[in-house]
Protein chains: 2
Amino acid sequence: MPPKAKVTIKDVALKAGCGIATASRVLNNSGPTSAEVRERVNRAALDLGFSFSAIGRALQSSKSMTVGCLVPSLANPVFAEAVQGVQNELVGTNYQLLISSSNYDDKADDAAISTLVSKEVDGLIVTMVAPERSPALKLAHQRGIPASLMFHDPIKGFATSYVDNFEAARDVAQRFSECGHRRTGFLALRLATSDRSRNRYAGFHAECRARGMPDPALIELSETDANRPEKLAAILAAHPDLTAIFASNDFLAIAVQKAARLLGWIVPRDLSVVGFDGIEIGKLLDVPLATIETMPEKMGRQAAKSLLTAMQGGVLEQLPPLPFRFRAGATLAAPRAKSRDDGRVAAQPPSVPLIKTILKQG
Amino acid sequence: MPPKAKVTIKDVALKAGCGIATASRVLNNSGPTSAEVRERVNRAALDLGFSFSAIGRALQSSKSMTVGCLVPSLANPVFAEAVQGVQNELVGTNYQLLISSSNYDDKADDAAISTLVSKEVDGLIVTMVAPERSPALKLAHQRGIPASLMFHDPIKGFATSYVDNFEAARDVAQRFSECGHRRTGFLALRLATSDRSRNRYAGFHAECRARGMPDPALIELSETDANRPEKLAAILAAHPDLTAIFASNDFLAIAVQKAARLLGWIVPRDLSVVGFDGIEIGKLLDVPLATIETMPEKMGRQAAKSLLTAMQGGVLEQLPPLPFRFRAGATLAAPRAKSRDDGRVAAQPPSVPLIKTILKQG
DNA sequence: AACAAATATGGAAACGTTTCCATTCAGGTG
DNA sequence: CACCTGAATGGAAACGTTTCCATATTTGTT
């Protein structure tokens, strides 16, 4: 058994005593072949341990049978799950998944897309800092490479699989309001590089306004402070009037619980918290986390499904957003009665999705 | 602006009025070229928006500049982080990452490896159910494709980046013992498909024995029950004599806390819990989780680094395991005094890593 | 001024496929 | 028996590179 470094179809044809065209036809079941030569070719292929060179095939067919996928980081479980969803959908097709990540850097985003394109991927599935102004993505589009977005709100020219962050955030504001909260805060990480967080803030802000609540305090946490509960506690202490915090993800929400504990505050008596994403651990906490449940895996699946039909010549069409669901939890309750709703500075209004805000408020 | 579907080096050469060989030399800075033709070629390439076809290159050089990576699932944050580590290490090289996942199925493992090999990856980074008996992995090895393992203990023929699960688990047993615990349990998911969990159990078991403690109770949780705290509570209730649980990952450890709460038990007074992995959330809990901290990201990085040197012709050599660290947490304390250490059935001894067990105990 | 050496260039082969086309051969029809 | 149809086959081109080799040009040395 000599596992020759490279056994090509030429070797097979030689051993089977036929032309490579015939061997190709046998091996692919394409075109007519006699039973006798079929037998010889198959035996030769088996003996030699032949397998097709995907590269040779790709060159000749100009189809790489590869899908490129870009997300900010796999260290974020939400994106990791989404990529797994893509993968799950791709299993069973002949497509392979080429991945890349940008670490939330829009320059890296562009470079990554370019690289994927030069690898001649047949399609793209991307979540990036700013897809609407990525030259590389536009170029890919011009070259006819179908692209499917994940997590992003719809953009002209692309299909996207997403959850309506704006609406979900409005839901949270509504529940805060119904509980009797008025002064609220919105806590996020990396607002500048996450349209998701911005959209959540916009929706939250819009609904607070619509209900006559003061504008929510916008609290942005630095990457490093996210892992320093005492830092977060100090920030919370500086906002003693807030009775409810909407955190842009569940990890932050749990960090808020911790920070509150450090301050001697009791959740939800002294501070209500609602998270976003719906991670399982939230259910297991001493005080189970109220949150918005989303479906990252489904998001990936849907993006992949759309892309597959597009790559098979179909048209990329925009589906409705995936559903979200409010998960009740003990971190949300009515605020303790402490009536001081007087003059406080309002947070600045949302900058980016202003149109949407105005639109939805009517 | 006609972004022609495909602009090849031939087009560039034509536009620059030179041969393709010359164009290639200019574009690659390989071989001598005159300043004048250099100028023309570069301008033509720019005008046409030329970029190399990775496929054409791959075919001619028989290097795909692609690394294949297989993990059980990206939905497990530990693997996702490791893959991100691989990615981080690959950024800056010219290698791209092709990923696949098996969902903890060894047949799927093999199929995935085969697919990656037929895609002609230049190297492999894998975590699978049973690398030591994967035909596809062996085949890849025979074909001269370097492979680097992640999370697995060393195996003949492959380099691996791992943490010494056996030793880490012994550490936990030792701490249990020092706190005064005697009757302990080991809680895991998917024992059959996770050599990591098996090694942890083996180490835990070995050290318990070495210290004259009763064999730990081996509790395996089904996939679905992992999300049902009441189910886990029932199981714990059936083991009322246990004073400490070592959970094979932090999620399970947190689930144990929840289950204990359901039973009205107080952690750590009525039950101590130690987890594994060292996720950040553990620090934020009301009762911070004691756990073994590991470094999945570094694991991925190390695997990638080794592989890179191997692919550049170097030799794949086995590095020492990555360090682990016990993170103290309030979930571990001395058991409440309740002296009843009498006749109980011992769990069955570990089946797989028996040799290692015996060896280390002397 | 003659010649060697270095520099610059392009043709062509090779990488592994698939597919178009032409060729051969068998069998069936008139 | 001549003819046609259809099946079976293999040669060769094409996909986009890089690189070997041969040729043509320049430069430098006596």
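Residue numbers begin at 1 in each chain, while the letters A, B, ... track the order of the sequences.
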List, one per line, each side-chain donor-acceptor pair under 3.5 Å for residues 303-315 of chain A, sequence neighbours excluded.
{"unit_1": "A:S306", "atom_1": "OG", "unit_2": "A:Q302", "atom_2": "O", "d": "3.1"}
{"unit_1": "A:T309", "atom_1": "OG1", "unit_2": "A:S306", "atom_2": "O", "d": "2.9"}

Nucleotides 16-22 of chain D: which of its N/O atoms have a protein N/O under 3.5 Å away?
{"unit_1": "D:dG16", "atom_1": "N2", "unit_2": "B:G56", "atom_2": "O", "d": "3.3"}
{"unit_1": "D:dT17", "atom_1": "OP1", "unit_2": "B:S53", "atom_2": "N", "d": "2.9"}
{"unit_1": "D:dT17", "atom_1": "OP2", "unit_2": "B:I9", "atom_2": "N", "d": "2.7"}
{"unit_1": "D:dT18", "atom_1": "OP1", "unit_2": "B:N28", "atom_2": "OD1", "d": "3.3"}
{"unit_1": "D:dT18", "atom_1": "OP1", "unit_2": "B:N28", "atom_2": "ND2", "d": "3.2"}
{"unit_1": "D:dT18", "atom_1": "OP1", "unit_2": "B:R57", "atom_2": "NE", "d": "2.8"}
{"unit_1": "D:dT18", "atom_1": "OP1", "unit_2": "B:R57", "atom_2": "NH2", "d": "3.1"}
{"unit_1": "D:dT18", "atom_1": "OP2", "unit_2": "B:S24", "atom_2": "OG", "d": "2.8"}
{"unit_1": "D:dT18", "atom_1": "OP2", "unit_2": "B:N28", "atom_2": "ND2", "d": "3.0"}
{"unit_1": "D:dT18", "atom_1": "O4'", "unit_2": "B:Q60", "atom_2": "NE2", "d": "3.1"}
{"unit_1": "D:dT18", "atom_1": "O3'", "unit_2": "B:Q60", "atom_2": "NE2", "d": "3.2"}
{"unit_1": "D:dT18", "atom_1": "O2", "unit_2": "B:Q60", "atom_2": "OE1", "d": "3.4"}

Pair B:T66-A:K119, side-chain donor/acceptor within less than 3.5 Å: yes
We want to know whether B:K6 and B:S53 form a side-chain donor-acceptor pair, criterion being a heavy-atom distance below 3.5 angstrom. no
In whole angstrom, what separates B:L14's CG from C:dT9's C1'? 16 Å
Test side-chain hydrogen bond (donor to acceptor under 3.5 Å, both in side chains), reference A:D109, set A:S102, A:S100, A:S101, output is A:S102
Is it the case that the side chain of B:R196 and the backbone of B:F151 share a donor-acceptor pair, with hydrogens and angles ignored and the cut-off at 3.5 Å? no
Would you call the rings of A:Y104 and A:F79 parallel, tilted or perpendicular if under 30° counts as parallel and over 60° as perpendicular? tilted
Can you name the side-chain hydrogen bond (donor to acceptor under 3.5 Å, both in side chains) partners of A:S148, sequence neighbours left out? none
Is it the case that the side chains of A:S30 and A:R25 hold a donor-acceptor pair, with the cut-off being a distance below 3.5 Å and no angle test? no
Using side-chain contact (heavy atoms from CB on, under 4.5 Å) as the criterion, point out the one residue from A:V41, A:L46, A:D47 that pairs with A:R43. A:D47
Every protein N/O lying under 3.5 Å from an N/O of nucleotides 5-7 of chain C:
none

Rounded to the Å, how far apart are A:E39 CD and D:dA8 C1'? 17 Å
Kindly give the atom pairs (protein nitrogen or oxygen, nucleotide nitrogen or oxygen) under 3.5 Å for nucleotides 22-24 of chain C.
none

Under the rule for side-chain hydrogen bond (donor to acceptor under 3.5 Å, both in side chains), what residues qualify as partners of B:S73, not counting sequence neighbours? none
